[in-house]
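In what follows, every chain begins at residue 1, and chains take the letters A, B, ... in the order their sequences are listed.
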Protein chains: 2
Amino acid sequence: MDPINIKKLAEALNLSTSTVSRAFRNNNDINKATKERILARARELGYQPNHYASNLRERKSRTIAVIVPELANNFFLQVINGLEQVASAKGYHILIYLTGNDYEKEISFINHLSNGRVDGIMMSVSGETASEHNYLHKLRDKNIPLVFFDRIYEDIDVPKVTTDDYESAFQATEHLIQAGCRDIAFLVINKNLSIGKKRLQGYQDALRQHGLPYREELVVDCHHDHDPNLEILRQALPALKPDGLFAAVERLAIAAYFVCQEQGIQIPGQLKIISFSSLEIAPLLNPSLSTITQPAFEMGIQAATLLFEAIDGGGQEVKTGQIVLKSELVPRQSSSRAGN
Amino acid sequence: MDPINIKKLAEALNLSTSTVSRAFRNNNDINKATKERILARARELGYQPNHYASNLRERKSRTIAVIVPELANNFFLQVINGLEQVASAKGYHILIYLTGNDYEKEISFINHLSNGRVDGIMMSVSGETASEHNYLHKLRDKNIPLVFFDRIYEDIDVPKVTTDDYESAFQATEHLIQAGCRDIAFLVINKNLSIGKKRLQGYQDALRQHGLPYREELVVDCHHDHDPNLEILRQALPALKPDGLFAAVERLAIAAYFVCQEQGIQIPGQLKIISFSSLEIAPLLNPSLSTITQPAFEMGIQAATLLFEAIDGGGQEVKTGQIVLKSELVPRQSSSRAGN
DNA sequence: TTGTATGCGTTATCAA
DNA sequence: TTGATAACGCATACAA
């Protein structure tokens with residue numbers, strides 16, 4: 001098939017390309033009847049305006065990018081679901097990029113995307129707070145709005161949507177203390193990353209406030225991947241013999257469950273566990289898992305809304321506020337007082 | 001900032017746009033030194049070739065679309081992960097579209113994508129086999145390759161990647177029978193959809209082969225959404241009193257677990273359960289869930305590979321074969337013989 | 001209400 | 001090895 005384009009369609013209708021073009025936009029400078037005629041014929045010939053040509057002309061892509069560390073994670077999934085709802089309602093398309101927690105990849109994506117490929121970017125960052133973020137300035141220079149969610153760089157002045165990480169971590173730790181724990185391990189992937197840091201602080205402050213010592217060895221540095229985490233915990237649990245465990249990320253609680261199963265450690269009898277988690281089936285685990293649940297879907301909606309405000313606002317008055325959503329602590333069996 | 005483009009960069013370097021353009025492609029018709037100089041200056045000025053202009057010119061988008069019914073599903077997640085691995089290795093970008101199991105949306109996406117927006121499409125279909133699929137012919141007319149995975153339309157002649165649904169369903173049913181079940185319920189969302197149909201057949205044939213009657217009332221039609229499923233099962237379980245339950249989709253097993261918990265039905269004592277599922281934490285459920293696990297990641301890789309073969313092959317010799325991957329039955333406590 | 005002409009930023013062809 | 005030019009398909013300013 002030779003491809004159909006606006007010119008051929010115009011010829012077939014004995015009209016000019018401008019008129020045809022007008023039929024496909026909400027342009028009122030066109031006769032209703034001709035518009036109908038054009039659309040009818042277009043359907044017949046299978047014509048659709050070429051997206052790339054339109055974008056080139058309009059300098060608008062109607063596309064946004066979402067950059068996340070990974071997909072195999074209920075949290076990001078739900079966020080993307082929220083984003084999708086907002087985006088598709090506005091007729092926007094979504095490009096998805098996975099950094100795999102690789103900082104270099106993040107830089108590469110951003111560079112790639114700063115060429116007008118997208119109208120805006122939503123990102124949960126992969127790198128460490130300490131690292132250089134100059135590559136992000138390019139976006140500002142090019143007027144491409146950026147919104148952070150969950151994992152953020154604090155030194156970059158863009159709109160951010162997070163949850164109350166510090167407070168939730170404080171509560172979670174307090175919850176374990178009140179359940180009778182004294183030696184509470186904190187599992188974290190990167191305690192220098194935005195969220196890891198905040199959650200660590202909440203953990204520390206809760207200990208302090210309840211007169212418990214902060215013991216650095218109880219902070220267990222974990223990995224992004226499952227198998228190394230199993231190894232780490234196989235060593236750490238017998239060595240540290242904690243009676244409480246607070247996981248900063250769902251995946252770490254899962255690993256802990258597996259290792260407890262292996263080593264015959266009773267939850268919550270010998271070890272009480274609570275974790276940040278977006279797992280819908282937390283109640284079905286053995287034992288059911290106490291969670292701090294972040295409003296992930298809502299977060300996607302909010303972040304997307306901020307992003308579209310920036311896009312529609314023409315990048316002029318860039319809002320740079322931070323929205324903090326509340327997480328919910330749901331106690332279940334894994335952290336119940338012994339005997340229950 | 002006034003935007004930088006190839007022309008300005010060329011001026012700044014006292015070169016022609018053609019030369020600059022060559023520097024950004026693997027074009028050997030260029031002096032190594034000038035190329036270096038161009039790239040250096042480009043970095044300095046923050047120049048990146050405009051994606052839309054390039055695409056318009058080259059008629060290649062280096063972008064593919066993946067259309068899935070939903071995201072909140074470990075299976076699709078893992079498939080997309082596989083796809084992403086293949087695509088990013090080839091420098092392709094991924095657009096993601098969610099149908100929400102809405103057939104109309106699927107049609108709309110396909111129409112949208114038939115304008116050259118993408119170089120290829122990977123889809124797990126949302127509609128019923130019975131419905132009209134003429135909108136898909138447009139893709140063929142426009143030489144946009146399409147590959148189906150998991151949920152397919154059999155009447156459309158494109159490459160397909162599925163798993164051995166019939167055999168797995170047969171095995172799963174047989175597994176329950178051998179565990180002592182006689183009244184085995186089959187939970188399915190759409191028994192007319194490709195996979196639902198195959199799995200139903202496997203279920204039926206296994207019953208027959210083992211001399212058990214096929215009772216239509218034991219086939220429970222479920223919903224895509226969680227809450228309605230709870231309602232359905234709250235009614236169905238007490239009414240049917242099955243001693244075995246085979247869920248065609250992970251989500252249905254989850255719903256069954258919740259309802260059993262509510263109604264105090266013992267798994268596996270009173271009811272044995274097995275389900276298609278890609279849940280990594282199936283071993284941690286209470287009780288651990290017996291699964292038929294599809295090689296989802298592998299499926300993503302295979303489907304993406306087929307897609308790129310079609311894309312790179314210029315859409316000429318369109319392969320239309322079907323790849324069938326093997327699923328794995330993993331027995332766990334939820335279907336163990338009473339007492340274990 | 002419709003048509004003409006121009007350019008969006010890039011790349012391919014051809015000539016130098 | 002480099003440069004001039006045309007074209008990709010569309011949308012807008014302007015003229016009719």
For the pair made of [atom1] in [X] and [atom2] in [N], what is the distance, rounded to whole Å?
{"X": "A/Ile38", "N": "D/dC10", "atom1": "CD1", "atom2": "C1'", "value": "14 Å"}
{"X": "B/Glu36", "N": "D/dT1", "atom1": "CD", "atom2": "P", "value": "14 Å"}
{"X": "B/Arg117", "N": "D/dC10", "atom1": "CZ", "atom2": "P", "value": "15 Å"}
{"X": "A/Ile30", "N": "C/dG3", "atom1": "CD1", "atom2": "C1'", "value": "12 Å"}
{"X": "A/Leu9", "N": "D/dA11", "atom1": "CG", "atom2": "C1'", "value": "15 Å"}
{"X": "A/Lys7", "N": "C/dG3", "atom1": "NZ", "atom2": "P", "value": "15 Å"}
{"X": "B/Asn5", "N": "C/dT10", "atom1": "CG", "atom2": "C1'", "value": "10 Å"}
{"X": "A/Asn115", "N": "C/dC8", "atom1": "CG", "atom2": "C1'", "value": "15 Å"}

Apply salt bridge (Lys or Arg N to Asp or Glu O under 4.0 Å) to A/Lys7 and list each qualifying residue two or more places apart in sequence or on a separate chain.
->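 Here no residue qualifies.
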
Cut-off 3.5 Å, side chains only: do [X] and [Y] have a donor facing an acceptor?
{"X": "B/Arg117", "Y": "A/Thr63", "result": "yes"}
{"X": "B/Tyr52", "Y": "A/His51", "result": "no"}
{"X": "B/Asp119", "Y": "B/Ser61", "result": "yes"}
{"X": "B/Thr162", "Y": "B/Gln322", "result": "yes"}

Distance-only, no hydrogens or angles: does the [X] side chain make a donor-acceptor pair with backbone N or O of [Y] under 3.5 Å?
{"X": "A/Lys8", "Y": "A/Pro3", "result": "yes"}
{"X": "B/Ser108", "Y": "B/Glu104", "result": "no"}
{"X": "A/Gln85", "Y": "A/Ile301", "result": "no"}

Would you say [X] reaches [N]'s phosphate, i.e. side-chain N/O to OP1/OP2 under 4.0 Å?
{"X": "B/Ser16", "N": "D/dG3", "result": "yes"}
{"X": "A/Arg22", "N": "D/dC10", "result": "no"}
{"X": "B/Thr19", "N": "D/dG3", "result": "yes"}
{"X": "A/Ser18", "N": "D/dA11", "result": "no"}

For the side chain of A/Asn31, starting at C-beta, report the closest nucleotide among C/dT1, C/dT11, D/dT1.
-> C/dT1

Please give the angle, rounded to 10 degrees, between the axes at the start and the end of the helix from C/dT1-D/dA16 to C/dA16-D/dT1, where five pairs define each axis.
-> 30°

Starting at the 5' end of DNA chain D, which residue's closest nucleotide do you reach first, B/Leu15 or A/Thr17?
->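 Nearest nucleotide further toward 5': that of B/Leu15.
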
Heavy atoms under 4.0 Å, any strand shown: does A/Asp29 hit a base, just sugar-phosphate, or nothing?
-> base

For B/Phe24, answer base if it contacts any base atom (sugar-phosphate contacts may also be present), sugar-phosphate if it contacts only those atoms, and nothing otherwise; contact means non-hydrogen atoms under 4.0 Å.
->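 Touches nothing.
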
Positions of residues 50-61 of chain B (non-hydrogen atom under 4.0 Å from DNA chain D), listed by number =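 When residues 50-61 of chain B is checked for heavy atoms under 4.0 Å from DNA chain D, the hits, listed by number, are B/Leu56, B/Arg57, B/Arg59.
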
Please indicate whether A/His224 has more than 12 foreign heavy atoms, meaning atoms of other residues, nucleotides or ligands, lying under 6.0 Å from its NE2.
->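 More than 12 within 6.0 Å, yes.
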
Please step through side chain to side chain donor-acceptor pair (under 3.5 Å) for the pair A/His137 and A/Asp141, ending with a clear verdict.
-> CA-CA 6 Å; A/His137 296 324; A/Asp141 295 346; over 6 Å; no

Return yes if the base of C/dA12 and the side-chain atoms of B/Ser21 contain a donor-acceptor N/O pair under 3.5 Å, otherwise no.
->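 Per atom types, no contact qualifies.
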
